[in-house]
Amino acid sequence: LAKETLVASAEQLLSRKRAGANLDGDEACEQFLLALADDSSSEQQLEYLVRRLYSVCHSYPGLQIALRPHPSPAGLLNPEYFRLLLGELSELPVGLWYCPGTVHTRMDCGLEAVGDWLELAPDRIFGCSLQDYADGVTHLLPGDGVVDFQSIVEYIPRDCQKVLTVAPAYPKEDLLETVRLLYYYGIK
């Protein structure tokens with residue numbers, strides 16, 4: 001978002017969540033969501049994004065664009081805006097990059113539920129970051145957090161791009177075990 005006060009408030013909430021704070025029913029979170037609802041500049045930014053995506057897609061035929069929401073509550077894309085964007089660009093190869101760490105962070109900051117993103121447009125999920133999430137920490141190995149990978153398998157297309165995105169500190173043996181776990185879930 002362009003409004004600096006909203007961005008600053010959102011970054012404070014995100015920092016508190018990453019530090020382990022519980023934001024359920026938090027007054028600062030509720031105040032942020034009310035201010036966000038009153039912000040009209042986000043609609044103008046969405047219109048600008050639609051125009052730019054349309055222009056890029058027509059300038060580069062064959063290019064496929066996958067957008068990922070930002071974990072910050074100040075990120076422009078939410079399920080409602082993403083649905084509008086897809087409606088405006090229905091004939092263009094624009095879709096969603098699903099990131100469990102991002103959507104869990106957004107949910108823990110009082111925004112949309114995880115399922116809101118998976119159910120939004122499963123046929124327009126072009127890619128998925130395979131990472132787990134727990135208590136504000138992203139880039140965990142699948143199986144080390146709260147992400148329900150079985151649900152992800154039910155929604156994402158089999159042919160979408162899948163990328164294991166975990167912190168670089170994990171040893172090779174753990175990564176190989178994670179690949180076996182993902183195969184068990186049906187993610188290949």
Side-chain angles (χ1 to χ4, degrees), residues 14 17-18 20 22-24 49-50 53 56-57 60-73 75-188:
L14 192 57
K17 182 61 202 167
R18 288 181 175 151
N22 180 355
L23 298 179
D24 283 343
L49 178 59
V50 167
L53 288 170
V56 167
C57 288
Y60 300 95
L63 178 68
Q64 189 178 52
I65 299 174
L67 301 173
R68 179 181 69 91
H70 195 279
S72 170
L76 177 64
L77 292 179
N78 59 39
E80 177 187 347
Y81 277 11
F82 201 82
R83 189 174 291 110
L84 290 170
L85 186 137
L86 289 179
E88 291 291 323
L89 303 172
S90 61
E91 76 282 356
L92 297 178
V94 175
L96 172 67
W97 186 275
Y98 183 76
C99 178
T102 294
V103 297
H104 275 274
T105 300
R106 290 179 62 83
M107 180 181 75
D108 283 354
C109 287
L111 300 173
E112 58 276 347
V114 171
D116 293 346
W117 286 102
L118 284 171
E119 295 172 358
L120 180 64
D123 60 321
R124 299 288 289 267
I125 296 175
F126 293 169
C128 180
S129 296
L130 301 171
Q131 63 174 274
D132 219 326
Y133 169 89
D135 300 321
V137 179
T138 60
H139 298 94
L140 299 175
L141 284 174
D144 285 354
V146 300
V147 173
D148 179 3
F149 285 93
Q150 194 61 50
S151 292
I152 292 174
V153 170
E154 293 173 14
Y155 282 95
I156 64 171
R158 286 197 175 280
D159 62 344
C160 81
Q161 297 293 314
K162 297 164 203 81
V163 178
L164 183 61
T165 47
V166 297
Y170 289 105
K172 180 181 176 181
E173 297 78 27
D174 289 354
L175 296 174
L176 294 173
E177 183 60 34
T178 297
V179 170
R180 286 191 281 279
L181 175 67
L182 293 170
Y183 276 13
Y184 170 78
Y185 284 124
I187 299 173
K188 297 178 177 155

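- To the nearest 0.5 Å, the span separating CG on Leu164 from OG on Ser129 amounts to 9.5 Å.
- A distance of 11.5 Å separates CZ in Arg106 from SG in Cys99, rounded to the nearest 0.5 Å.
- Atom CG of Asp144 sits about 7.0 Å away from atom OG1 of Thr178, to the nearest 0.5 Å.
- Of the possible donor and acceptor atoms, none in the side chain of Gln161 sits under 3.5 Å from a partner among the backbone N and O of Gly127.
- Between Leu111 and Asn78, every side-chain heavy-atom pair lies at or beyond the 4.5 Å cut-off.
- Side-chain N or O atoms of Asp132 include one that pairs as donor or acceptor with a backbone N or O of Val146 at under 3.5 Å.
- From Thr102, atom OG1 reaches atom CH2 of Trp97 across 11.5 Å, with rounding to the nearest 0.5 Å.
- A side-chain donor-acceptor contact under 3.5 Å links Asp116 to the backbone of Ala113.
- Under the salt bridge (Lys or Arg N to Asp or Glu O under 4.0 Å) criterion, Glu119 pairs with no residue, sequence neighbours left out.
- Looking at Arg83, its side chain never comes within 3.5 Å of a backbone N or O of Leu120 through a donor-acceptor pair.
- At least one side-chain heavy atom of Pro157 sits under 4.5 Å from a side-chain heavy atom of Ile125.
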Under the criterion side chain to side chain contact (heavy atoms under 4.5 Å, CB included), I'd like the reasoning laid out for Cys128 against Ile152: C-alpha separation, chi angles, the key distance, then a yes or no.
CA-CA 9 Å; Cys128 180; Ile152 292 174; 4.0 Å; yes
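- In this structure, the side chains of Ile65 and Leu63 come closer than 4.5 Å at one or more pairs of heavy atoms.
- In this structure the side chain of Val166 reaches within 4.5 angstrom of the side chain of Leu175, judged on heavy atoms.
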Determine, stepwise, if the pair Val103 / Tyr133 fulfils side chain to side chain contact (heavy atoms under 4.5 Å, CB included).
CA-CA 10 Å; Val103 297; Tyr133 169 89; over 6 Å; no
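- Contact check for Tyr185 versus Asp148: no side-chain heavy atoms found under the 4.5 Å cut-off.
- Side-chain N or O atoms of Ser90 include none that pairs as donor or acceptor with a backbone N or O of Leu86 at under 3.5 Å.
- Side-chain atoms of Val147 and His104, non-hydrogen and from C-beta on, do get closer than 4.5 Å to each other.
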Should Leu85 and Leu49 be marked as a side chain to side chain contact (heavy atoms under 4.5 Å, CB included) after you check the CA-CA gap, both sets of side-chain angles, and the distance that decides it?
CA-CA 8 Å; Leu85 186 137; Leu49 178 59; 3.6 Å; yes
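- Applying the 6.0 Å contact sphere to CD of Gln150 captures more than 12 heavy atoms from other residues, nucleotides or ligands.
- When side chains are defined from C-beta on, Leu140 does not count as touching Gln131, because their heavy atoms never get closer than 4.5 Å.
- Taking the six-membered ring for Trp and thresholds of 30 and 60 degrees, Trp117 and Phe82 have ring planes more than 60 degrees apart, a perpendicular arrangement.
- Looking at Lys162, its side chain does come within 3.5 Å of a backbone N or O of Cys160 through a donor-acceptor pair.
- With Arg124 contributing its side chain and Val94 its backbone, the two residues share a donor-acceptor pair below 3.5 Å.
- Distance check: Asp123 CG to Ile156 CD1 gives 13.5 Å after rounding to the nearest 0.5 Å.
- Atoms CG and CZ, from Leu181 and Phe149 in turn, are 8.0 Å apart once rounded to the nearest 0.5 Å.
- Counting only heavy atoms from C-beta outward, the side chains of Leu96 and Pro69 approach each other to under 4.5 Å.
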Can Thr105 and Leu14 be said to form a side chain to side chain contact (heavy atoms under 4.5 Å, CB included), step by step?
CA-CA 8 Å; Thr105 300; Leu14 192 57; 3.3 Å; yes
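- Counting only distance, with no hydrogens or angles, the side chain of Arg68 and the backbone of Tyr98 share no donor-acceptor pair below 3.5 Å.
- Under the side-chain contact (heavy atoms from CB on, under 4.5 Å) test applied with Leu130, the options Val163, Ile187, Thr165 reduce to a single match, Ile187.
- Taking 4.0 Å as the cut-off between side-chain N and carboxylate O, Glu177 and Arg180 count as a salt-bridged pair.
- Panel note: side chain Tyr81, backbone Leu84; no donor-acceptor pair is recorded below 3.5 Å.
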